[in-house]
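For reference, the structure is listed below as structure tokens.
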Amino acid sequence: MTALSNSTIAALEEMLQNTARSAPADYLPIYFARGASEEQAIGYLNPEFIPYLQEFLKKQAVPLISMGNDRLSIHLGKPKDVSMSLNQLANHLRLGGFIPGWRNEEFAWVDQNGHQYFSLERAAFRTFGFRSMATHINGYTMSQTIWLGRRSENKATDPGRLDNMAAGGISADETPWVCARRELWEEAGVPAQIADEIEPVTRIHIRRPLTGWGFHDEQLYVYDLVLADNFIPTNHDGEVSGFINVSFAEAAARILADEFTSDAAFVTADFLLRRNK
């Protein structure tokens with residue numbers, strides 16, 4: 001049982017009711033045609049990007065892509081061909097300064113049945129508003145403390161803010177479990193024999209517009225990992241500047257003080273409420 005006050009519990013519960021928000025009305029929907037009579041809105045373009053992309057597509061045709069006044073359409077094709085076309089759009093947006101933090105790493109777009117239809121530079125997913133996937137791991141002790149990482153000041157997104165002990169995007173052709181174990185080693189130095197003990201606990205769907213950028217749509221695969229009291233995480237990839245080990249109550253206070261990344265705040269709030277039952 002955590003030592004959270006009733007008001008803190010209520011605030012965390014209210015926050016978790018706001019994980020998925022709709023795209024603003026002026027965002028341009030991106031539709032994907034997965035069959036002759038089946039299409040689905042899979043992304044949203046910030047209105048600031050629309051004229052730049054429209055001008056590009058007037059001058060240069062891109063296979064499987066069409067753009068009208070009310071939508072951008074991706075037409076059905078082989079995953080390799082769809083990926084090539086979307087990468088053409090992404091590279092043009094990158095030249096225009098609309099895709100910061102280019103990583104040369106690809107995410108995959110996967111439908112609700114687990115089928116992968118295309119892959120694309122991970123930094124472009126937010127620009128197009130495509131749904132990506134990530135893993136987040138709550139590292140905690142039986143002494144009711146939780147480890148939190150502080151993101152490097154060099155990170156393209158949310159520099160210096162608090163994060164879960166380990167978290168990261170699921171690359172194309174990677175499973176959530178494989179990603180979680182990889183991130184635990186890279187970000188927190190957790191050896192494989194300990195990382196194998198991760199417990200899958202929930203999945204949180206995050207959707208929110210990003211001011212001056214795009215639309216964040218991500219499925220977070222959440223794991224819990226109990227650690228020995230004497231375990232000290234150590235970062236290996238330069239993405240974490242340091243770690244703190246705090247009580248559950250202090251973690252809640254830091255969430256409500258807006259010290260976390262948005263995604264990590266939701267994941268940690270969910271953890272604290274589960275541990276409070």
Side-chain angles (χ1 to χ4, degrees), residues 12 15-21 42-43 103 105-126 128-140 146-149 151 155 157-158 161-208 210 215-227 233 235 237 239-240 251 255 260-275 277:
L12 296 179
M15 187 184 76
L16 282 171
Q17 293 173 3
N18 195 37
T19 57
R21 290 152 54 188
I42 67 166
R103 299 278 293 273
E105 178 185 341
E106 291 192 335
F107 280 172
W109 188 84
V110 179
D111 73 2
Q112 66 271 22
N113 297 316
H115 296 301
Q116 179 175 320
Y117 282 86
F118 61 82
S119 59
L120 182 67
E121 159 64 34
R122 66 176 289 174
F125 262 66
R126 290 187 176 191
F128 288 107
F130 294 148
R131 185 184 64 246
S132 56
M133 300 179 291
T135 57
H136 283 247
I137 302 95
N138 296 299
Y140 71 101
I146 185 169
W147 282 101
L148 305 173
R151 291 167 69 86
K155 291 284 287 182
T157 56
D158 298 318
R161 296 183 74 80
L162 290 177
D163 207 336
N164 298 113
M165 185 179 76
I170 300 172
S171 300
D173 303 321
E174 189 175 44
T175 67
W177 190 81
V178 168
C179 176
R181 293 175 76 257
R182 174 177 58 78
E183 292 290 351
L184 279 167
W185 173 251
E186 291 177 357
E187 294 198 343
V190 178
Q193 62 269 29
I194 297 177
D196 283 345
E197 300 299 319
I198 55 174
E199 176 188 1
V201 289
T202 191
R203 186 177 66 182
I204 301 175
H205 190 189
I206 305 293
R207 299 179 83 240
R208 67 178 183 276
L210 302 170
F215 190 73
H216 181 47
D217 186 342
E218 193 157 65
Q219 292 277 9
L220 308 182
Y221 290 81
V222 182
Y223 297 84
D224 289 351
L225 177 64
V226 63
L227 297 164
N235 180 250
D237 62 5
E239 295 191 1
V240 180
I255 291 171
F260 281 72
T261 71
S262 294
D263 291 357
F266 289 131
V267 170
T268 308
D270 171 79
F271 170 85
L272 295 173
L273 290 173
R274 285 189 284 105
R275 292 287 155 180
K277 293 179 180 178

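For this chain, numbers begin at 1 and follow the sequence in order.
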Using side-chain heavy atoms (C-beta onward) and a distance below 4.5 Å, is S132 in contact with R122? no
What heavy-atom pair brings C179 and T135 nearest, and what distance separates the two atoms? SG-OG1, 3.3 Å
Just verifying a value: how many Å separate L148 CG and T268 OG1, rounded to the nearest 0.5 Å? 6.0 Å
Over all atoms of both residues, closest heavy-atom pair of A251 and F260: O-CE1, 3.8 Å
Partner residues of E218 under the salt bridge (Lys or Arg N to Asp or Glu O under 4.0 Å) criterion, sequence neighbours left out: none
Please assess D224 against R275 for the test side-chain contact (heavy atoms from CB on, under 4.5 Å), listing each intermediate value before the final yes or no. CA-CA 11 Å; D224 289 351; R275 292 287 155 180; 3.5 Å; yes
Side chains of E197 and V226: closer than 4.5 Å at any heavy-atom pair? no
Side chain of D237, backbone of E239: donor and acceptor closer than 3.5 Å? yes
Under 3.5 Å side-chain donor-acceptor pair for T157 and R151: yes
Salt bridge between K155 and D163, side-chain N to carboxylate O under 4.0 Å? no
Non-neighbouring partners of F128 that pass ring-ring contact (aromatic ring centres under 6.0 Å, His included), sequence neighbours left out: F130
To check you understand the geometry: which heavy-atom pair defines the closest contact between L184 and A195, and what is its length? CD1-CB, 3.8 Å
Min side-chain heavy-atom separation D173-Q116 under 4.5 Å: yes
Side chain to side chain donor-acceptor pair (under 3.5 Å) test vs N164 passes for just one of H136, E183, E187, namely H136
Rounding to 0.5 Å, atoms CG (L210) and CZ (F215) come to a distance of 8.5 Å
How many angstroms lie between atom CD1 of I146 and atom CG of L272, to the nearest 0.5 angstrom? 6.0 Å
Side chain proximity check, W177 to D196, heavy atoms < 4.5 angstrom: yes
Taken to the nearest 0.5 Å, the spacing of R181 CZ from I137 CD1 works out to 11.0 Å
In this structure, OH of Y221 is separated from CD1 of I198 (nearest 0.5 Å) by 13.5 Å
Which pair of non-hydrogen atoms, one from G169 and one from E174, has the smallest distance, and what is that distance? O-OE1, 4.1 Å
Using the six-membered ring wherever Trp is involved, compare the ring planes of F271 and Y140 and label them parallel, tilted or perpendicular (cut-offs 30° and 60°). tilted
Kindly compute the distance separating CZ (R131) from CG (D111), expressed to the nearest 0.5 Å. 7.5 Å
Residues 201-208 side chain polar contacts: donor-acceptor under 3.5 Å, at least two apart:
{"from": "R203", "atom 1": "NE", "to": "Q219", "atom 2": "OE1", "distance (Å)": "3.4"}
{"from": "H205", "atom 1": "NE2", "to": "D217", "atom 2": "OD1", "distance (Å)": "2.7"}
{"from": "R207", "atom 1": "NE", "to": "D217", "atom 2": "OD2", "distance (Å)": "3.4"}
{"from": "R207", "atom 1": "NH1", "to": "R21", "atom 2": "O", "distance (Å)": "3.2"}
{"from": "R208", "atom 1": "NH1", "to": "D263", "atom 2": "OD1", "distance (Å)": "3.0"}

Within-4.5 Å side-chain heavy-atom neighbours: I170 and F107: no
Just so I know, are the side chains of W147 and V190 near enough to count as touching, which here means a heavy-atom distance under 4.5 Å? no
Got a donor-acceptor contact below 3.5 angstrom from the E105 side chain to the E121 backbone? no
Pairwise side-chain contact, H216 with S262, heavy-atom cut-off 4.5 Å (strictly under): no
